Amino acid sequence: MTSKTPDTSPLPADRIYRGGPILTMNDAQPQVEALAIRGKRILAVGTWEELQGLVGRDTEVVDLAGRTLMPGFIDAHGHLMGWILYWGTPDLAPPPAGTIQTIPDIAEALRKYIQEKAIPEGTLVLANGYDDSLLEERRHPIREELDAVSSKHPICIVHTSAHLAVFNSMLLDRVGYVGEDSAPEGGIIQVDENGRPTGVVEEEAVNAFHALLPQEPNLAELLKTLKEVQQRYASLGITTVEDGITGKSSVDLLLLAASLRVLFLDVLLFPKWTEADAIDAIPHLPREGYVGHLKVGGVKITQDGSPQGKTAFLEKPYHKPPPGKDPTYRGQPILLQAELDAEVDKAFEKGRQLHIHCNGDAAADMMLTSIARATEKFGPADRRPVMVHAQTVREDQLDQMKALGIIPTFFVAHTFYWGDWHRDETLGRERAERISPLRSATNRGMRYTIHNDSPVVPPDIMPLVWSAVARTTRSEQELGPEQRATPLEALKAVTAWAAYQNFEEREKGTLEPDKLADLVVLSGNPLTTPTEDLRDLYVVETVKGGTTVYLSDPELPTSAGRSLSSHARGAPFLAFLPRHTCC
């Protein structure tokens with residue numbers, strides 16, 4: 001219930017929450033009875049008796065009715081613009097994220113899309129999320145299978161990792177992929193025994209489909225879709241969203257959205273290293289603080305591919321190499337060591353935070369070499385470089401990361417989505433048991449974060465927390481239980497430690513006076529909920545800067561505007577695209 005009492009305080013609160021666990025993520029005061037908000041910030045936390053004096057004539061006192069309040073979730077690594085790109089296109093994800101289980105399922109989804117949308121001949125058909133590791137055929141589709149869908153439309157289906165795609169014959173012809181030698185720098189074109197492209201392309205070769213996208217986007221549709229995607233994130237308790245590899249065109253769109261007040265969640269973006277100079281040249285770029293909920297972070301470098309796609313760069317060979325590769329195959333880096341050194345030097349010189357994608361331990365070695373070299377050259381500082389994914393980092397590498405101040409953001413959802421695949425196909429049991437080594441990091445006193453790399457997997461935070469705590473695969477087998485996190489550690493990894501990763505610990509991540517009132521109300525207490533039920537906790541309310549941006553339960557009163565999330569996908573627009581990679 002909401003109650004109002006006479007105004008006895010000279011500085012009353014706008015709203016006070018009480019009546020349920022309030023988890024602050026602040027070690028000095030882990031749990032409190034009540035929390036008060038004024039404007040965009042937290043006014044006070046403490047006992048209900050202490051905060052009653054902040055109740056004024058217009059103060060709302062919100063009864064949590066046993067629900068749990070905690071800091072809003074922070075997307076430690078993801079791709080907001082990836083959601084924008086695929087909004088409204090066929091979803092080729094396998095269960096539980098989608099329904100696709102076979103290659104004929106993919107074909108049927110594409111045919112239905114072409115027919116229902118009446119896609120004109122010659123227009124690109126784009127889809128996302130297929131996963132060869134979970135298809136019944138256990139392989140990638142090939143060009144002929146997409147040709148059977150349509151020979152009059154160029155077709156591109158993007159792998160769930162975004163590091164691979166399959167093109168049909170029309171698209172291969174359009175982009176000039178006629179053999180291995182026609183691949184762009186940093187890309188690979190897979191061919192059959194006759195040297196003819198199979199349709200499967202890797203890394204930078206994936207980006208060729210961008211040339212077929214509409215060059216005159218509908219800005220009204222773009223902005224509408226951006227609102228809908230933010231609502232999806234808000235419905236999951238996320239108050240800060242990341243775009244983890246941003247091109248200049250995406251920056252242009254987000255700057256426009258910020259100026260038009262379309263953004264209502266904080267959006268932190270990291271320019272792609274190849275476009276960072278062009279982005280730096282944009283005047284009045286918001287770097288020191290959010291302007292219209294937008295801020296530009298440092299720079300993102302992609303150093304290898306994905307383990308589930310068998311393109312990550314490993315120290316030792318893959319357990320089972322992909323078709324056409326010999327038993328010594330261990331993936332490949334994107335940049336040579338000298339090239340990576342140069343990019344790291346540039347970031348250090350400009351004072352830009354580095355986010356470097358390293359799935360394989362060989363790629364991690366390259367990052368460690370570059371960071372150590374640049375630190376010696378430019379001297380120590382609080383730079384907080386981030387190793388993105390850090391899937392297969394070894395114990396010795398964690399020691400080096402701690403010494404160099406490198407923060408790992410672990411893609412721990414892999415333990416569920418691809419845990420069985422890693423154990424049986426990519427890494428073998430010994431290495432698979434150690435993916436996302438959370439406990440090893442904790443034992444060293446390291447702060448880490450966890451992420452979904454959305455849209456690689458859905459951006460749901462509570463299933464992510466469950467993955468960190470349970471480390472259970474799709475087949476319900478434990479995968480490296482000795483690397484489990486506690487529920488509190490997993491929650492800190494998406495709140496307090498994520499704020500620290502972003503240099504935002506003074507504003508976000510814990511519930512303390514004067515910090516932003518970024519909050520989430522959960523259906524239950526994740527610290528006391530049995531592990532097997534953690535992923536079923538749901539978001540009741542999300543508050544961004546004191547304003548409710550999502551409300552699922554009308555029985556929970558608030559003073560702010562209520563906005564029930566619509567997950568229906570909008571019309572595709574296919575512009576302002578992220579160029580390259582996710583997991």
Side-chain angles (χ1 to χ4, degrees), residues 85-86 88-117 119 123-175 177 188-194 196-203 205-206 208-209 212 305-311 318 320-325 417-422 424-426 455-458 474-475 569 572 582-583:
L85 169 59
Y86 298 114
T89 64
D91 182 358
L92 305 182
T99 61
I100 301 297
Q101 300 185 69
T102 67
I103 291 174
D105 289 345
I106 292 175
E108 179 58 29
L110 294 171
R111 288 192 191 96
K112 183 177 179 181
Y113 174 72
I114 292 170
Q115 292 170 1
E116 291 185 350
K117 300 294 184 181
I119 307 297
T123 300
L124 177 70
V125 174
L126 179 66
N128 175 59
Y130 88 88
D131 188 343
D132 60 304
S133 74
L134 295 172
L135 291 172
E136 287 184 8
E137 296 86 351
R138 290 294 190 271
R139 64 171 176 84
H140 298 280
I142 56 175
R143 64 190 295 175
E144 288 84 1
E145 288 163 325
L146 298 187
D147 291 345
V149 173
S150 176
S151 61
K152 297 179 180 180
H153 297 84
I155 299 175
C156 171
I157 61 171
V158 180
H159 190 262
T160 182
S161 69
H163 288 264
L164 304 100
V166 187
F167 293 3
N168 73 343
S169 295
M170 178 177 276
L171 182 54
L172 289 167
D173 292 342
R174 287 271 193 99
V175 301
Y177 286 174
I188 294 173
I189 298 171
Q190 294 187 15
V191 297
D192 60 22
E193 62 275 8
N194 298 314
R196 181 172 179 265
T198 64
V200 180
V201 299
E202 301 178 21
E203 305 302 340
V206 174
F209 76 81
L212 279 70
S306 72
Q308 72 272 38
K310 298 186 179 181
T311 59
Y318 278 87
K320 295 181 182 179
K325 303 294 184 181
Y417 284 97
W418 296 286
D420 296 315
W421 180 250
H422 291 324
D424 301 335
E425 280 280 338
T426 65
V456 174
V457 301
R474 287 176 182 267
S475 64
R569 293 193 169 202
C582 300
C583 75

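What you see is a predicted model, and the numbers here were worked out from it, not measured in a lab. For reference, positions follow the sequence shown, starting with 1.
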(message) Could you measure the distance from the CD1 atom of Ile103 to the CD1 atom of Ile106? Nearest 0.5 Å is fine.
(response) 6.0 Å
(message) So does Arg196 get a backbone contact from the side chain of Asn194, meaning a donor-acceptor N/O pair under 3.5 Å?
(response) no
(message) Just to verify, what does Arg139 make a salt bridge (Lys or Arg N to Asp or Glu O under 4.0 Å) with, not counting sequence neighbours?
(response) Glu145
(message) Testing the basics here: between Leu172 and Pro197, what is the closest heavy-atom pair and its distance to 0.1 Å?
(response) CD1-CB, 4.2 Å
(message) For Glu425, give me all partners under salt bridge (Lys or Arg N to Asp or Glu O under 4.0 Å), at least two apart in sequence or on another chain.
(response) Lys310, Lys320
(request) Determine the minimum heavy-atom distance between Cys156 and Phe167, stating which atoms define it. (result) SG-CE1, 3.5 Å
(request) For Pro321, enumerate each residue passing the side-chain contact (heavy atoms from CB on, under 4.5 Å) test, keeping only those at least two apart in sequence or located in another chain. (result) Lys325, Tyr329
(message) To the nearest 0.5 Å, what is the distance between CZ on Arg143 and CD1 on Ile155?
(response) 12.5 Å
(request) Examine distances only and state if a side-chain atom of Arg474 and a backbone atom of Asp420 form a donor-acceptor pair shorter than 3.5 Å. (result) no
(request) Identify, with sequence neighbours excluded, every residue that meets side chain to side chain donor-acceptor pair (under 3.5 Å) alongside Asp424. (result) none
(message) Testing the basics here: between Ala162 and Val158, what is the closest heavy-atom pair and its distance to 0.1 Å?
(response) CA-CG1, 3.8 Å
(message) Please check this pair: side chain of Tyr113 against backbone of Val125, looking for a donor-acceptor N/O pair closer than 3.5 Å.
(response) no
(message) Rounded to the nearest 0.5 Å, what separates atom CD in Glu203 from atom OG in Ser306?
(response) 7.0 Å
(message) So, using side-chain contact (heavy atoms from CB on, under 4.5 Å) as the criterion, who are the partners of Pro323 when residues are at least two apart?
(response) none
(message) Return the CD1 to CD distance between Ile100 and Glu108, rounded to the nearest 0.5 Å.
(response) 9.0 Å
(request) Can you tell me which residue pairs pass the salt bridge (Lys or Arg N to Asp or Glu O under 4.0 Å) test with a partner in residues 149-168, sequence neighbours excluded? (result) Glu121-Lys152
(request) Describe, in one word, how the ring planes of His159 and His140 are oriented to each other, choosing from parallel (under 30°), tilted (30 to 60°) and perpendicular (over 60°). (result) tilted
(message) If I compare all heavy atoms of Tyr130 with all of Pro141, which pair ends up nearest, and what's the gap?
(response) CE1-CD, 3.6 Å
(message) Within the structure provided, determine whether Leu110 and Leu146 are in side-chain contact (heavy-atom separation under 4.5 Å).
(response) yes
(message) Treating Asn168 as the side-chain partner and Ser150 as the backbone partner, does any N or O pair qualify as donor plus acceptor under 3.5 Å?
(response) yes
(message) What I want to check is whether the side chains of Thr160 and Asp131 have a donor and an acceptor closer together than 3.5 Å.
(response) no
(request) Please answer whether the main-chain N or O of Gln308 pairs with a side-chain N or O of Trp421 as donor and acceptor at a distance below 3.5 Å. (result) yes
(request) Specify the closest pair of heavy atoms between Pro307 and His422, including all atoms of both residues, with the distance to one decimal. (result) CB-CE1, 3.7 Å
(request) For residues Glu137 and Pro104, determine if any side-chain heavy atom of one lies less than 4.5 Å from a side-chain heavy atom of the other. (result) yes
(message) For the CG atom of Leu126 and the CZ atom of Phe209, what is their distance to the nearest 0.5 Å?
(response) 5.0 Å
(request) Quick one: closest heavy-atom pair of Ala127 and Leu92, and the distance? (result) CB-CD1, 3.7 Å
(message) Nearest 0.5 Å, please: how far is CG in Asn128 from CD1 in Ile157?
(response) 10.0 Å
